[in-house]
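One-based numbering, in listed order, for ligands and for the atoms of each. Owing to the predicted nature of the structure, the values given are computational and were not obtained by experimental measurement.
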Amino acid sequence: MARPDLHERLQDQRKLREAQGRIRTRRTVSRRDGVRLEIDGRWLTGFCSNDYLGLSQQFEVVAALQDAAARDGAGSTASHLVCGHHALHAQLEQEMADWLGYPRALLFDSGYMANLAVQQALLSEENDVCVQDRLNHASLLDATRLAGCRLRRYPHLDSEGAIRQLKHAPDGAAMLVTDGVFSMDGDIAPLRSLSLVARMQQALFYVDDAHGVGVVGADGRGCVAEAGLGVNEVPLQLATLGKALGGHGAVVLGEEALIRHLAETARPYIYTTALPPAQIAASLAAVKLARRDHWRREKLTELIGLFREGARRLGLELMPSETPIQPLLCGDEATVMALSAALEQSGFLVSAIRPPTVPEGKARLRVTLSALHSAGQVKALVEAIGAARDLVLYQKSLTPVSV
Ligand SMILES: *Cc1c(COP(=O)(O)O)cnc(C)c1O
């Protein structure tokens with residue numbers, strides 16, 4: 001029996017990605033100043049970061065990081081259960097629990113790892129089931145694979161579909177999992193009805209609110225609080241520190257017993273080095289600002305309205321989103337790549353999102369807004385998108401695109 005040659009396989013896969021227009025490349029940012037980015041010697045206005053509140057370079061946040069680094073060093077030196085758990089970690093867990101109204105919080109090195117941890121630690125048996133929205137974040141799907149239990153998915157936002165999937169698997173323990181704000185669509189899950197579904201079907205409800213905490217609700221407490229829910233309806237939720245809070249890491253909030261179980265048994269928690277205390281100091285400062293500065297959310301709301309109004313006037317295909325994630329559907333990969341390139345020519349960085357991150361035929365420009373954008377920048381972006389669209393349509397009319 002001949003073993004498959006791995007190098008050959010990789011080459012074949014690469015050729016396929018080339019043919020599908022799915023090669024991914026990284027852009028190297030040499031400097032950043034708020035929403036402005038220097039790439040290949042040119043300054044662009046970025047509309048693709050998740051720094052919604054504009055906290056990542058905020059003076060108080062960076063100063064807190066510097067002070068803590070001077071005192072505590074660059075790293076945590078060990079995992080939480082060895083000797084890496086610093087007073088700053090404990091303080092941030094307390095602060096997050098207090099802000100979001102949960103009994104306890106547990107810090108993770110990233111949202112990705114937190115999601116792996118939650119399912120791996122709780123869904124340990126083969127006939128357990130994880131029921132998920134079809135458009136949930138990739139880390140939630142990977143987590144089910146790591147847990148080794150069954151995965152069942154329901155149509156986007158469809159609570160009835162969630163019931164059907166739970167009824168399909170009546171024998172094992174169950175978890176119902178959804179993004180709060182959907183990362184590639186910007187819309188919000190129907191958390192109230194999903195919480196009822198979870199209760200009726202005796203499933204543990206887990207909400208990943210990576211893009212909601214800091215942004216959604218007048219006080220920025222995210223989708224769960226905004227829906228009038230708490231730990232009783234949503235026993236576990238995820239908040240990330242790397243998006244609206246401008247730092248790095250994630251926090252799982254939940255009931256005492258669940259959090260204790262995660263801290264004692266979740267492998268992605270136990271077998272990794274704790275985040276640097278200085279990084280945590282930065283997040284403490286960021287949470288303080290996110291709680292205090294309502295103007296950041298008010299400014300975002302204003303910019304979101306401005307963007308949608310402009311896009312509507314141009315006849316662009318908006319999605320039903322009230323959040324700073326404002327995708328524009330383009331359809332195929334070639335079109336979205338051409339649009340993104342044309343926008344870069346006019347000085348804007350907007351990411352083109354393609355399958356497999358989004359479903360086939362749903363390639364899109366993922367525009368994200370930040371409290372640091374000015375109304376002028378948003379208006380200029382809308383104009384540039386209009387011009388890019390006209391250019392791409394014109395080019396298409398000259399050369400039939402073969403996709
Ligand atoms: C970004 C994101 C994550 C991962 O968080 P990181 O801290 O970047 O690893 C998890 N879930 C959702 C919905 C996300 O958008």
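Ligand 1 places these atoms under 4.0 Å from at least one heavy atom of A210: 2 (C), 11 (N), 12 (C), 13 (C), 14 (C), 15 (O). Less than 4.0 angstrom separates some heavy atom of S110 from each of these atoms of ligand 1: 7 (O), 9 (O). Annotation for ligand 1: atoms under 4.0 Å from non-hydrogen atoms of D179 are 13 (C).
Ring geometry for F182 against H156 counts as perpendicular: the plane angle is over 60°, on a 0 to 90° scale with 30° as the lower cut. Relative ring orientation between H80 and H89 is described as perpendicular, the plane-to-plane angle rising above 60° on a 0-90° scale split at 30° and 60°.
Heavy atoms from other residues, nucleotides or ligands lying under 6.0 Å from CD of E255 number more than 12.
Of the protein's heavy atoms, K243 NZ, 2.3 Å lies nearest to atom 2 (C) of ligand 1. Residue, atom and distance of the protein heavy atom nearest to atom 4 (C) of ligand 1 are Y112 N, 3.5 Å. At the shortest separation from atom 15 (O) of ligand 1 among protein heavy atoms lies H211 NE2, 2.6 Å.
The side chain of N115, and not its backbone, has at least one atom closer than 4.0 Å to an atom of ligand 1 (non-hydrogen atoms only; side chain from C-beta on). At a heavy-atom cutoff of 4.0 Å, ligand 1 is contacted by no atom of A250, backbone or side chain.
Heavy-atom minimum distance, M184 versus R364: O-NH1, 2.7 Å. The two residues A244 and V215 have their closest heavy-atom pair at CB-CG2, 3.7 Å.
Residue G111 has at least one N or O atom closer than 3.5 Å to an N or O atom of ligand 1. Checked against a 3.5 angstrom limit, the closest N/O atoms of D208 and ligand 1 fall inside it.
At least one heavy atom of S139 sits less than 4.0 Å from an atom of ligand 1.
Rounding to the nearest 0.5 Å places CD1 of I280 at 8.5 Å from CD of E93.
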